[in-house]
2 protein chains.
Amino acid sequence: MSTPGRGLHGHVLDTLGPAITAGEYPPGSVLRTDELAQRFDVSRSVMREAVRVLESMHLVESRRRVGVTVRPKAEWNVYDPQVIRWRLAGADRPGQLRSLTVLRSAIEPVAAGLAARHATAEQCAELTECALGMVANSRGHRLEGYLVHDMAFHRIILTASGNEMFARLGDVVAEVLAGRTHHEVMFEDPDPAAVTLHVQVAEAVREGDAARAEELTREITVGALQELDILAP
Amino acid sequence: MSTPGRGLHGHVLDTLGPAITAGEYPPGSVLRTDELAQRFDVSRSVMREAVRVLESMHLVESRRRVGVTVRPKAEWNVYDPQVIRWRLAGADRPGQLRSLTVLRSAIEPVAAGLAARHATAEQCAELTECALGMVANSRGHRLEGYLVHDMAFHRIILTASGNEMFARLGDVVAEVLAGRTHHEVMFEDPDPAAVTLHVQVAEAVREGDAARAEELTREITVGALQELDILAP
DNA sequence: GTGACAAATAAGTCTGACTTTTTGAAGGTG
DNA sequence: CACCTTCAAAAAGTCAGACTTATTTGTCAC
């Protein structure tokens with residue numbers, strides 16, 4: 001997805017970040033910069049830089065004479081891609097996946113509606129191409145090929161919406177889709193109904209039918225919710 | 001909203017962050033740590049910590065032998081509360097406000113639907129109280145009192161949804177609502193129809209009527225979109 | 001033109017000394 | 001006993017300087 005641990009402070013983050021988001025240090029836990037620096041065998045300067053980054057993510061708070069205290073989960077910057085990645089990699093994975101899928105179910109239909117209004121001809125073409133790619137890989141256990149086109153499809157929708165906040169969720173959605181294929185249960189070929197829906201969404205966007213694009217995308221996300229047993233009784 | 005510039009590195013961020021998000025340094029611009037340290041009259045250590053934070057927000061990228069280069073806007077962590085605050089405080093304000101309002105229009109209806117299912121009795125009570133507070137302050141230019149209850153109302157909806165990602169948007173929504181009252185055109189008393197809608201949403205949530213809560217909230221957000229001339233033709 | 005090599009550059013790292021804020025305890029006073 | 005003041009310790013914060021390393025760029029020979 002993106003930045004692997006660059007530099008010493010990056011390596012420290014790759015260890016400390018996951019540990020904190022995994023709840024290894026409960027909220028209120030106090031760490032000391034010097035001790036951490038010793039533990040990771042880095043200088044205080046490097047350790048301080050790492051702490052500053054964790055602080056900017058609202059994972060910890062650094063106070064004089066007290067130390068570096070872990071903040072309660074409710075205060076974390078849960079939209080930070082790095083935080084999302086750490087949580088997806090840890091024990092929190094199922095919960096994080098559910099949160100993100102609910103988020104998708106809210107965002108993507110609206111994004112599709114906007115895409116139907118704002119998408120360029122090129123984006124429409126790419127979208128159709130992706131949908132066709134999904135169809136082509138929808139049978140015969142070609143899950144990887146399917147996934148690539150699925151991720152591209154949703155990324156284009158989010159980008160074509162013209163809303164920068166939606167566009168920035170492209171990576172997150174890709175992560176969720178990849179997770180479904182690689183980690184969750186996805187042994188069989190994808191649901192034919194879902195594939196058809198994607199083709200229809202591409203059609204609706206091409207034709208500028210915002211209401212239909214929104215409604216069809218809503219059906220797709222409802223399917224995603226059902227896969228995780230997040231029902232609407 | 002939150003953390004004012006704590007420590008020297010915080011002060012540097014309070015100046016550099018807004019400057020970058022305002023586009024004062026176009027994408028690709030190269031800064032040098034040493035020069036910045038001189039300019040802000042701080043040590044290199046402090047400057048490095050500030051750069052690390054900007055880097056974690058994906059505003060800049062630090063590379064050896066090159067310097068600190070400003071990244072294109074499309075890569076910024078636009079969900080970072082600090083980045084949102086910086087942009088709301090700068091020339092980007094109108095665009096940021098539009099982005100956030102569209103985001104609200106996607107999130108809040110879904111959140112209200114979930115709140116109707118998950119809200120505790122206490123949350124329902126608080127919600128009703130807020131709605132009544134809005135009614136009580138809806139006439140006679142009591143804009144500040146109205147705003148306080150409006151912000152609380154939407155925060156409760158987002159929290160009661162039970163989704164952590166929704167909950168974390170409470171601050172952002174509050175910021176948007178406050179902006180509307182303080183900076184944008186909002187001289188007259190609020191629209192009576194909007195006030196009624198809030199009361200009805202509180203009712204629907206209390207009664208556990210998810211579909212109605214969602215639909216009513218959608219009407220509220222449509223109103224917010226119309227205020228900014230973001231139409232659905 | 002191409003490839004290898006050397007120099008320059010700016011970030012990265014480490015260390016040690018010093019400052020500042022905060023807290024908790026000790027001790028004095030009503 | 002309660003309350004306030006004072007003081008000392010603890011940990012983060014800051015700074016300055018020396019050194020390392022990766023990367024780019026330019027040069028020279030082939």
Side-chain angles (χ1 to χ4, degrees), chain A residues 2-17 19-20 25-72 75-77 82, chain B residues 2-17 19-20 24-72 75-76 82:
Chain A
S2 71
T3 348
R6 292 193 319 181
L8 283 186
H9 94 284
H11 176 252
V12 170
L13 283 174
D14 286 342
T15 309
L16 249 193
I20 292 174
Y25 304 92
S29 303
V30 176
L31 311 170
R32 266 161 306 140
T33 307
D34 290 24
E35 186 194 306
L36 290 173
Q38 273 199 338
R39 170 134 58 97
F40 289 101
D41 195 35
V42 296
S43 68
R44 290 192 304 284
S45 343
V46 169
M47 197 60 220
R48 286 179 55 74
E49 289 170 24
V51 168
R52 283 280 177 260
V53 172
L54 293 175
E55 204 176 22
S56 86
M57 297 170 175
H58 277 62
L59 294 183
V60 304
E61 186 180 6
S62 179
R63 281 172 56 202
R64 269 177 155 135
R65 160 70 209 231
V66 174
V68 178
T69 63
V70 178
R71 295 185 149 203
E75 296 176 11
W76 297 350
N77 281 1
Q82 182 107 66
Chain B
S2 69
T3 348
R6 293 195 319 182
L8 283 187
H9 95 284
H11 175 252
V12 171
L13 283 174
D14 286 342
T15 309
L16 250 193
I20 293 174
E24 213 162 298
Y25 304 91
S29 304
V30 177
L31 312 170
R32 268 162 303 138
T33 307
D34 291 24
E35 185 194 306
L36 290 173
Q38 273 199 337
R39 170 135 57 97
F40 289 102
D41 195 34
V42 295
S43 67
R44 289 195 305 282
S45 340
V46 169
M47 197 59 222
R48 286 180 53 74
E49 289 170 25
V51 168
R52 283 281 176 258
V53 172
L54 294 175
E55 204 175 23
S56 86
M57 297 169 173
H58 278 62
L59 294 183
V60 303
E61 187 180 5
S62 181
R63 281 171 57 200
R64 265 178 159 137
R65 161 69 210 230
V66 175
V68 178
T69 63
V70 178
R71 304 183 101 165
E75 296 175 10
W76 297 351
Q82 182 107 68

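What you see below is based on every heavy atom in this structure, not just the backbone, and it leaves out hydrogens, waters and symmetry mates. The sequence lines fix the lettering, A, B, ..., with proteins before strands; numbering per chain opens at 1. None of these values were measured; they are calculated from a predicted model.
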### Task
Only counting residues at least two apart or in another chain, list the ones meeting side-chain hydrogen bond (donor to acceptor under 3.5 Å, both in side chains) with B:Glu24.
none

### Task
Could you list the residues that satisfy salt bridge (charged side-chain N to carboxylate O under 4.0 Å, His left out) with B:Arg64, not counting sequence neighbours?
none

## Note on the structure
Sorted by chain and number, sequence neighbours left out, side-chain hydrogen bond (donor to acceptor under 3.5 Å, both in side chains) with A:Gln38 holds for none

### B/S/- contact track for nucleotides 9-15 of chain C, protein heavy atom under 4.0 Å
BSBBBBB

### Query
Excluding sequence neighbours, so at least two apart, what forms side-chain hydrogen bond (donor to acceptor under 3.5 Å, both in side chains) with A:Arg52?
A:Glu55, B:His9, B:Glu49

#### Entry: Atom-to-atom span, CD of A:Glu61 to P of D:dA12 - whole angstrom
13 Å

### Task
Could I get the full list of side-chain hydrogen bond (donor to acceptor under 3.5 Å, both in side chains) partners for A:Arg65, not counting sequence neighbours?
none

